[in-house]
Amino acid sequence: MPMPTGRATPPLAFAWAVAVLSACAIDVPQPPAAVPEPTAALRSSEIVGTIPASARVLEWDLHARLDEPAHRIDGRARMRWRNTSRVSIDRMPFHLYMNGFRAEDTAWMRDSRGEHRGHKARDRGGWGYIDVTSVSRRGDLGAGREGDLAPLVFQEGADPSVMEVALDRPIAPGESVEFEIEFVTQLPEVFARTGHSGRFHMVGQWYPKPGVLHPDGTWRTHTFTYHTEFYADFGDYTVELDVPADMVVGATGIQTSVVVEADRKRVGFAAEMVHDFAWAADPGFLEYTAAHDGVKIRQLMLAEHAATHQAHLDAQIVALDSMQRRFGSYPWTTITIVHPPTGAEGAGGMEYPTLFTTSPVYQPNAAMALLGVEERVSGVFTTVHEFGHQYFQGLLASDEYTQPWLDEGMNTTSNSLVLEDRDGPDAWLARVGRLSLHGSDFVRMSQHDSATLQIIDGNADTFAPEVGGYGGTVYRKTAGVMLTLRNLVGAEAFDAALRSYTVSFRFGHPTGADLERALRDGLADAVVIARQDPDQAGTGDITLDVAEFLEQGLRTTHVVDFRIHAIVNRRGLGQAGWHRNASGVLVGGDPPVAVDAEGAPGTEGIVVIHRAGDFVVPVEIEVVLDDETVVRRTWSGRSRTHTLHFDRPVAWARVDPAGKLWLEHHRLDNHRVAPGLVGEDGLSEPVGDLVESAALALLVGVGP
Amino acid sequence: MAALRRASRAWRWVVCIWLAELLTATLGGYGIRSHIAAVMDGFVLPDDHLLYGLVEFTHAHPQLVISIVVTLATSTLLGFLLWTVLAPLVLLRLGRDADAPAWTATALGGAWLGSLGGAVATSAWHLGLRIVVVIIAGQAVASLPGSIGLPLVIVFVLASTCALDFSRVAVVTGGARGASPRTAIDGYAVALRRPLLMLAMAAVAGAQWLVVAAGLVAVLRTGGDALALMRACAAGATLLGFFRLALALSVRPAAPTAGDAD
Ligand SMILES: [Zn+2]
């Protein structure tokens, strides 16, 4: 039979709906009145504190002209360098980091295969390189008079990310020498920190930088590979950037001048006691400035991200306050936050002195909001993390190649403390209703794949991409080690010890040994964690050997893992059977009293704890007896098993009840109920309910 | 409102089908609970970090993920099969006017079996057509922002649900040949010719989804504590399904009466 018919109407409703929805424009908040630019790059000397005389090694005078269509920089550097070692120097190695992007067979590209943190280089090339055209030494005639330029011989290394300059005469200890270097830097299409995308230019690691000369006369100039970041000496910078007149420029340090001539402008910057100079330019940048505690905070972002400027500012202020209180004053007068535009996400999440790039705040769509998905970290965490690097590497300029955990791992630790100051200890970072993920969860999750892969205290090359584990080990396991230590020894003692490190090594090149020594000195070699039985005075103290803990955490792949091996409730012992009396005669011979008969011995409870992992660390134990008495004990964790006896039956037992051991990722065997006691396991019911609900939703949803 | 009255008069049927749905979902949930409980075997989640506990569990026992996926896929399939088979029966029940004599079990069973083959066949054709519609709609709105494109795709899916209902009505009450793709295509033709009816039905279908989604959101937000609410939502959605089918019946040429359905 034919279908029944009805009247037809034109289907215009959809077009109308589309038009209405498309009309919603992006809401761009009005930038506030600009905060005036500070006149000095460093804050007052009382705030900055003492700068060690040996720290100021370099003086830079840089000139850069950006050829925007070609994304090329013609650069000229005047660099005064001081030999702070004990030996004479006749050669000088330089980093040419930009050459990492020069060809597919450079060390960096070999590792990365043109991909970095999920961002890919374009197939059609877009190489970056730095071509040094001349290196000369300026003669010094004394009394401030400059001599002639003496051209020097230089040669790229086996990998083009380094070059070596042969000096025409030795430079004695304590002597300064001035170089003039001319170079051309071709920026790559950005996918890994530096480069261009449209008119956006993020210019980092763009000029030749000398290696770091250690006091014994050895140079540290690592080849640029996938996870190696940077290492350089502190110095002062005077920089002139020549860019198209419509560019808005942000850079390390303070802006000192701007001169516009026709379609170009020259912007001057100055920075003091920094070990790098980076800059960003885009004509579409909106500027949101604010001042907090004498620091100018400048955000540069396109309209697409402007709605989130306040969230980033709030995060920046929380981080600044927290880190100044914990680690000493922030010494510079400015901090610039660059928001890479869409298409240039590869530039995001990178730190440079007084400037960093961040990432967008996740804006939940209606469905996610309805589901109750909440998070406190996207974008905001990037800002906290990258600002954290102003201390952990900006100020404590450790060698990021040799000991990457010192900056990334200690910075991740500090980020957790900043979040603690904001939200409380181990607060949730993301959640859907009652289902939440905390900082400790992220550390633990990362350990499932990387706990035994590599030790923390290895150089960056040990975490080659094909090996992996860089994030899980260098960032999160380091934080796990430090925060577990903090939980065990107490926040106050740990924070004071860590502060002694951050304050002592400002403007220095601290090593892991320096940090470990500061922690050991600050915490004492053996920290008393607890008396063995808190209910009973006189039992032996449980101590934590800090050096042993750090050794295991940083230089072994031992895993922290405890489990409740057994709970045994059994009939206690009575007096049945034959015993000798005082005269030595065997008497008695009665049969054992039945369990439920009068006079029967009671039931005794036993808990056996097993240290299943090789990591030796004290652990707390909580036991609940059948009469609901709660007993708390601490065990040194030295032997493989530990047995606790009670004169009543045990209901259940739990190791690490407060979750202090962030390094322990196998926790489902930490809490056990006595055999025969029926109870919920805490997992099967909620997960079963969730799956049943989803199954019902699908049944009915696809149904009628 | 006549359609709503028709649907509510069949409340016993709504309850029976709802119970069948509950039983199916409960069996699925039971399997997952037993799986986890067997592995935990006396151990208890040590703190309230449920999500991390689940991550740790699935890392050690990835089979759980497979079990969950299979449970959910089976539920989807069962929902589809259940309603493909039951829809003609429900349409016959809803099609009986209040003053008409009640169906005898034999007559109803005979009428159902008589239309079952056609209803299943047209459902199969519609499944194919729905995939085509979603792909075409997806392509058409691909260039639009997600906030516009996704709702449009949902509207197309809802419209194809209405078209399926019209084809079912044609098979059950009009004797159309379900095996013919024509019957399925004509379902869309009716949907276009009766836009107001289709919009009403699409709204009801959308409400079904919303009710179910609300239950699921409550369960997610409470970490499983709102299972009873989810079950109530399923009852509401099933009743709405009856309402939608009753609305679809308004396109039939004449109301069938007991015994003359064929
Ligand atoms: Zn970092």
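Here is how names work: the chains are called A, B, and so on, in the same order as the sequence lines, proteins then strands, and each is numbered from 1. Computed from a prediction, not measured in an experiment: that's the story for all the values here. Atoms considered below: every heavy atom in the structure, side chains included; atoms not considered: hydrogens, waters and symmetry mates.
Between A/His565 and A/His610, the ring planes lie perpendicular to each other; the angle is over 60°, past the 30° to 60° tilted range. Note: B/Tyr188 and B/His126 have parallel aromatic rings, judged against thresholds of 30 and 60 degrees for the angle between ring planes.
Every residue two or more places apart in sequence or in another chain that forms a ring pair (Phe, Tyr, Trp, His ring centres under 6.0 Å) with A/His671 is listed here: A/Trp652.
Looking only at heavy-atom pairs under 4.5 Å with chain A, the residue among B/Val212, B/Leu22, B/Thr76 that has the most is B/Thr76. Taking B/Met230, B/His35, B/His49 one by one and counting their heavy-atom pairs under 4.5 Å with chain A, the maximum is reached by B/His49. Counting heavy-atom pairs under 4.5 Å between each of B/Asp47, B/Leu72, B/Val44, B/Leu45 and chain A puts B/Val44 at the top. When the candidates B/Leu51, B/Leu64, B/Leu54 are compared by the number of heavy-atom contacts under 4.5 Å with chain A, B/Leu51 comes out ahead. The most heavy-atom pairs under 4.5 Å with chain B, out of A/Arg667, A/Arg431, A/Arg654, A/His665, come from A/Arg667.
Contact of A/His438 with chain B is made through the side chain alone, with heavy-atom distances under 4.5 Å. Both the backbone and the side chain of B/Ala234 come within contact range of chain A, each with at least one heavy atom under 4.5 Å from a heavy atom of that chain.
In this structure the side chain of A/Arg633 never reaches within 4.5 angstrom of the side chain of A/Glu620, judged on heavy atoms. Side-chain atoms of B/Val211 and B/Leu240, non-hydrogen and from C-beta on, do get closer than 4.5 Å to each other.
Between the side chains of A/Gln447 and A/Arg476, not a single donor N or O lies within less than 3.5 Å of an accepting N or O.
Below 4.5 Å, heavy atoms of chain A meet heavy atoms from B/Thr24, B/Ala25, B/Thr26, B/Gly29, B/Ile32, B/Arg33, all part of residues 23-33 of chain B.
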Inset, instruction - Take B/Thr183 and B/Phe166 through the side chain to side chain contact (heavy atoms under 4.5 Å, CB included) test and state the conclusion after the steps. - result: CA-CA 9 Å; B/Thr183 303; B/Phe166 291 134; over 6 Å; no
Inset, instruction - Give the intermediate values and the outcome of side chain to side chain donor-acceptor pair (under 3.5 Å) for residues A/Ser684 and A/Asp681. - result: CA-CA 6 Å; A/Ser684 58; A/Asp681 56 45; 2.8 Å; yes
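The minimum heavy-atom distance between A/Ser436 and A/Trp428, with the atom names listed, is CB-CB, 3.8 Å.
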